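All values reported here derive from a predicted model rather than from experimental measurement. Naming: A, B, ... by sequence-line order, numbering from 1 per chain.
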There are 2 protein chains.
Amino acid sequence: MIYSSELIKGTLKTIVLKLLADNKKMYGYEITQRVKELTLEKIQITEGALYPTLHALESDGLVTTETEFIGKRVRKYYTLSPSGKTKTKEKVSELTDFMETMKFLLDIKTKTA
Amino acid sequence: MIYSSELIKGTLKTIVLKLLADNKKMYGYEITQRVKELTLEKIQITEGALYPTLHALESDGLVTTETEFIGKRVRKYYTLSPSGKTKTKEKVSELTDFMETMKFLLDIKTKTA
DNA sequence: CAAAGATACATAAGAATCTAATGTATCGTT
DNA sequence: AACGATACATTAGATTCTTATGTATCTTTG
């Protein structure tokens with residue numbers, strides 16, 4: 001089962017930031033594959049969604065980039081900046097908190113029904 | 001603290017459906033107030049977001065409506081249709097599942113760091 | 001009793017962000 | 001040689017939310 005795309009909305013940026021926090025340095029394609037692998041195919045990040053997000057993180061100064069050549073093929077690595085690390089902590093704790101609230105909302109009557 | 005609006009994206013429809021499943025019959029304004037109350041002000045549903053969503057649920061046949069007059073003031077009640085009840089179960093279990101996956105993603109390195 | 005705030009509906013322009021498609025190019029395998 | 005995987009990127013269109021606006025009634029308070 002693949003989650004409906006609307007669920008991914010709003011969490012993509014947080015997922016990317018968290019992955020970068022855990023792995024120091026990643027490139028776009030690698031991120032799509034890692035997420036797919038970690039979520040057992042349930043979250044599929046499309047390139048059309050990922051690249052604009054990465055570019056936005058860069059222009060917000062949350063990540064820095066370095067280009068590397070693997071043979072003749074370009075690979076663009078992303079690394080968290082100091083402000084990116086701070087932002088990641090904020091985003092992760094906000095999402096964690098949000099999920100607690102949502103769990104509460106979804107459980108309300110189910111418990112007694 | 002109020003959750004950033006992007007987090008609400010994609011979950012609004014599910015929240016509304018779940019509330020209707022628990023309460024049989026609710027009107028728009030009541031939904032905004034109930035969510036605010038249940039989440040201790042952390043989720044604020046604006047009318048500009050709610051009404052289009054309710055109208056969409058109606059045109060998808062997931063809810064039926066009945067208008068009631070309180071004095072001279074109109075109140076529009078929404079009730080889940082049979083297909084709405086089925087949809088609610090699907091949406092709630094998908095979101096629950098999604099949150100488990102997200103929790104896993106967010107916990108990965110935190111555990112060992 | 002007038003004003004302000006709460007109740008209650010609704011729409012609409014603009015912003016943000018994702019999907020799906022398309023494009024370019026290299027590398028490895030069969 | 002052809003195909004699939006790797007790797008970047010952009011764009012038209014769809015979706016959905018924000019912010020503002022509009023209308024109208026009811027309740028509370030100075």
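When rounded to the nearest whole Å, the span between NZ of B:Lys13 and C1' of D:dT15 equals 10 Å. Going from atom CD of B:Glu37 over to atom C1' of C:dA6 covers 16 Å, rounded to whole Å. Atom C1' of nucleotide D:dA5 and atom CD of A:Glu30 are separated by 15 Å, given to the nearest angstrom. Rounded to an integer number of Å, the gap from OH of B:Tyr29 to C1' of D:dT25 is 13 Å. The distance between atom NZ of A:Lys72 and atom C1' of D:dA5, rounded to the nearest whole Å, is 19 Å. D:dA9 atom P lies 9 Å from atom CD of A:Glu58, rounded to whole Å. Separating the CZ atom of A:Arg75 from the P atom of D:dA7 is a distance of 4 Å, rounded to the nearest angstrom. Straight-line distance from the CE atom of B:Met26 to the P atom of C:dA8: 12 Å, rounded to whole Å.
Listed for the B:Glu94 side chain is a donor-acceptor partner under 3.5 Å among the backbone atoms of A:Ser4.
Using a 4.0 Å cut-off, some side-chain N or O of B:Tyr51 falls inside it from OP1 or OP2 of C:dC9. Applying the 4.0 Å criterion to OP1 and OP2 of D:dC8, one finds that A:His55 has every side-chain N and O outside that range. Contact between the side-chain N/O atoms of A:Thr67 and the OP1/OP2 oxygens of D:dC8 is not found at any separation under 4.0 Å.
The 5' end of DNA chain D is approached more closely, in terms of each residue's nearest nucleotide, by A:Gly28 than by the other of A:Gly28 and B:Glu6. In this structure, A:Ile70 and B:Pro52 both approach DNA chain C, and ranking their closest nucleotides by distance from the 5' end singles out B:Pro52.
Under a hydrophobic-cluster definition in which Ile, Leu, Val, Met, Phe, Trp and Tyr are linked whenever side-chain heavy atoms come within less than 4.5 Å, directly or via other members, A:Ile31 and A:Ile70 are assigned to different clusters. Residue A:Leu95 is not grouped with residue B:Ile2 when hydrophobic side chains (ILVMFWY) are merged at heavy-atom distances under 4.5 angstrom, including chains of intermediate members.
With D:dA7, C:dA8, D:dA9 as the choices, the nucleotide that has an atom nearest any side-chain atom of A:Arg73 turns out to be D:dA7. Nearest nucleotide to the side chain of A:Gln33, out of C:dC18, D:dT6, C:dA10: D:dT6. Across D:dC17, C:dC18, D:dA9, the shortest atom-to-atom separation from the side chain of A:Ser5 is found for C:dC18. Of all nucleotides listed (C:dC18, D:dA7, D:dA9), D:dA9 comes nearest to the side chain of A:Lys76.
Using a 4.0 Å heavy-atom cutoff across all strands shown, B:Gly48 reaches at least one base atom of the nucleic acid.
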Between B:Thr39 and B:Tyr3, is a side chain to side chain donor-acceptor pair (under 3.5 Å) present by the stated rule, with each step listed?
CA-CA 10 Å; B:Thr39 64; B:Tyr3 300 126; over 6 Å; no
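Side-chain atoms of B:Thr65 and B:Thr67, non-hydrogen and from C-beta on, never get closer than 4.5 Å to each other.
For A:Glu47 and D:dC8, a side-chain-to-base donor-acceptor distance below 3.5 Å is present, hydrogens and geometry of angles not being considered.
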